[in-house]
Amino acid sequence: MQAAAPELRDIAPPLDVFPYPTWMVVVAAMVVALVLGALIYAIVRKIRNRPPPLPPSPQSVALRELRILQQRVKQTAPYDFSFAVSDVLRHYVSAAYQIQATEQTSPEFLAAIAHSVKFAEAERSLLAEFLERCDLIKFAHIDADSSDSERLIDSAFRFVEGGRG
């Protein structure tokens, strides 16, 4: 008699063996969490400590307001227009040169800048001409039209832009 052939058994399925010990996985997860936390903290801190944007310069504010007025030269009465353009220019001078131009009459203002080194002679004469024209329209109530308003706005632009043009 023949001996019975040994029975062949199936190969056992592969075992899932995680290559890293549990303590190493926990430490790695904690390191990743710490790095992410530090990154988020740094981003939030940078956003909170960002300096506020700089305010616009007096020149840019005045030019913006003058452009708005320039669009309304034809629609605005010269009397009202002279007040508006004078107000813009006086606020510009107050902010840019630290002179209380909004609280002074034209003669007081011109006397205050007469010997100031902050103003060139051309700027002083441009301001004097501008203020005289404004005062004639505002207080003497001369007959003015939109061409007078255009001259006022042109003078204001020239002064704010530094006398160029």
side-chain contact (heavy atoms from CB on, under 4.5 Å) between Ile153 and Phe157: does it pass, once the steps are laid out? CA-CA 6 Å; Ile153 196 84; Phe157 268 118; 3.7 Å; yes

Could you go step by step and tell me if Tyr92 and Leu66 meet the side-chain contact (heavy atoms from CB on, under 4.5 Å) rule? CA-CA 11 Å; Tyr92 166 70; Leu66 288 173; over 6 Å; no

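Glu161 places a side-chain heavy atom less than 4.5 Å from the side chain of Leu63. Between Ile99 and Gln104, some side-chain heavy-atom pair lies under the 4.5 Å cut-off. Side chains of Phe159 and Ser155 form no contact here, defined as non-hydrogen atoms less than 4.5 Å apart. The shortest distance between side-chain heavy atoms of Leu69 and Thr76 does not fall below 4.5 Å.
Scanning for ring-ring contact (aromatic ring centres under 6.0 Å, His included) contacts around Phe139 gives an empty result, with sequence neighbours left out.
Seen from the ring of Tyr79, Lys138 does not count as a face-on cation partner, given the 6.0 Å and 45° thresholds.
With 3.5 Å as the limit, one finds a donor-acceptor pair spanning the side chains of Ser106 and Arg90. For the residue pair Ser60 / Ser57, a side-chain donor-acceptor distance below 3.5 Å is found, with atom types taken as modelled.
Between Arg151 and Asp154 there is no salt bridge, since no side-chain N of the basic residue sits under 4.0 Å from a carboxylate O of the acidic one. Between Glu150 and Lys74 there is a salt bridge, since at least one side-chain N of the basic residue sits less than 4.0 Å from a carboxylate O of the acidic one.
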List the atom pairs, with distances to 0.1 Å, where a side-chain N or O of residues 35-55 and a protein N or O form a donor-acceptor pair under 3.5 Å, not counting sequence neighbours.
unit_1, atom_1, unit_2, atom_2, d
Asn49, ND2, Arg45, O, 3.3

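Using cut-offs of 30° and 60° on the angle between ring planes, the pair Phe109 and Phe119 is perpendicular.
Cluster membership for Val26 and Phe18, using ILVMFWY side-chain heavy atoms within less than 4.5 angstrom, is not shared.
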